Amino acid sequence: MAEKKKLSEKTLNTTFWRWWYGNLTCFSQEHMQTFGYMWAMLAPIKELYPNHDDQVKAMQAYTPFFNTEPQIGGIVVGITCGLEEARANGAEEIDDEFINSIRAGLMGPLAGIGDSLIVGTYIPILLGIALGLAEGGSPIGPLFYIVVWNVTEILFEKFIFKKGYELGGSAVDVLVGDKATAFRESILVLGQVIVGAMAASWVTISSPLVIAKDSTGADVTLISRLDGAFPKLLTCAFVLLAWFLQAKKGMSAVKVLLLFVVIGFVGSVIGVLG
């Protein structure tokens, strides 16, 4: 009876670190994270298949397009490590098509979870704390963000990578079932609330434009009337404009920032914005 093949801890660690720092290797619109994925999977493939021709054949499963949220996407790499281990030990039902169905089925839902939970919620919270600590030019703010982000992100990604390896193919039901869908949607709502709160807290746009005089002869400004009816309305309008230009018109963040600089400069010169 042939000895059962099992990936060593060294190989699993190599795979994890390769994905962690190289998931965007040779990134392009055509391939996205494909080559980073292949680079990560090369280590387990080499250990499980000593023959070079077998290695080449096994790597063909990882050539199709792949793209998801990088941090939470580590679980997919862990899952395919477990699948490759099972295939190397004779699991006939696990072939290239099976592996690719797992990858294709997971990358969309995981992107939704990762973008809402990590990009839309966790990162804005960390940045909000860091911005508060950086007031007055203190270096504590950026140091806080760099240290806390890297430590928590590595620990989290290492944990889900190992869980993916342990779960193997059974992880699909856990990650794309009804409960996962409900969880993803609730996190998306939470992320939207956090982003809205961050915009209201950190973005301030005012207008010194005087539109009337009150009964005492004091100036009545446009911003006072707007805030009286809808607090932060002007701020909300600019945030929505930024979203519209990027999401609907395809403008880059840099172009939107430059446009807002021009609007702010012109607006302050003519006395509409302050």
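Here the structure is a predicted model, which means the values were calculated and not measured. For the numbers below, each heavy atom of this structure counts, side chains included, while hydrogens, waters and symmetry mates do not.
Cluster annotation: W20 and I146 are assigned to distinct hydrophobic clusters (Ile/Leu/Val/Met/Phe/Trp/Tyr, side-chain heavy-atom contacts under 4.5 Å, transitive). Taking hydrophobic clusters as Ile, Leu, Val, Met, Phe, Trp and Tyr residues chained together by side-chain heavy-atom distances below 4.5 Å, L143 does not share a cluster with V151. When hydrophobic clusters are built by joining Ile, Leu, Val, Met, Phe, Trp and Tyr residues whose side-chain heavy atoms come closer than 4.5 Å, directly or via intermediates, V239 is not grouped with I125. Under a hydrophobic clustering in which Ile, Leu, Val, Met, Phe, Trp and Tyr are joined whenever their side-chain heavy atoms come within less than 4.5 Å, directly or via other members, F230 and L240 fall into different clusters. A single hydrophobic cluster is not seen to contain both L257 and L131; linkage of ILVMFWY side chains at heavy-atom distances under 4.5 Å, directly or through other members, places them apart.
In terms of the side-chain contact (heavy atoms from CB on, under 4.5 Å) criterion, residue partners of L258 (sequence neighbours excluded) are, by chain and number, V254. In this structure, the side-chain contact (heavy atoms from CB on, under 4.5 Å) partners of T152, at least two apart in sequence or on a different chain, are Y122, V148.
Across all their heavy atoms, T11 and S8 have their closest contact at OG1-OG, 3.0 Å. In terms of heavy atoms, A40 sits closest to T15 at O-CG2, 3.2 Å.
Heavy atoms of other residues, nucleotides or ligands lying less than 6.0 angstrom from OH of Y21 number more than 12. The 12-atom threshold is not exceeded at CD1 of I140, counting heavy atoms of other residues, nucleotides or ligands nearer than 6.0 Å.
The closest side-chain heavy-atom distance from V262 to F265 is not below 4.5 Å. Using a 4.5 Å heavy-atom cutoff, the side chains of F66 and M32 are not in contact. Here the side chains of Y49 and V56 are not in contact, with every heavy-atom distance at 4.5 Å or above. Put simply, the side chain of L12 reaches to within 4.5 Å of the side chain of F161, judged on heavy atoms.
In this structure, CG on L126 lies 11.0 Å from CD1 on I118, to the nearest 0.5 angstrom. Rounding to the nearest 0.5 angstrom, the gap separating the NZ atom in K5 from the CD atom in E47 is 10.0 Å. In this structure, CD in E153 is found 5.0 Å from CH2 in W149, a value given to the nearest 0.5 Å.
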*Given side-chain contact (heavy atoms from CB on, under 4.5 Å), test I263 with F238 step by step and report yes or no.*
CA-CA 11 Å; I263 293 175; F238 272 84; 4.0 Å; yes
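In this structure, F35 and H31 have tilted ring planes: the angle between them lies in the 30° to 60° band. The aromatic rings of Y37 and W19 stand perpendicular to each other, their planes meeting at an angle above 60°, with 30° marking the opposite boundary.
For residues 50-75, every residue pair satisfying the side-chain hydrogen bond (donor to acceptor under 3.5 Å, both in side chains) rule, not counting sequence neighbours, is listed here: Y62-E84.
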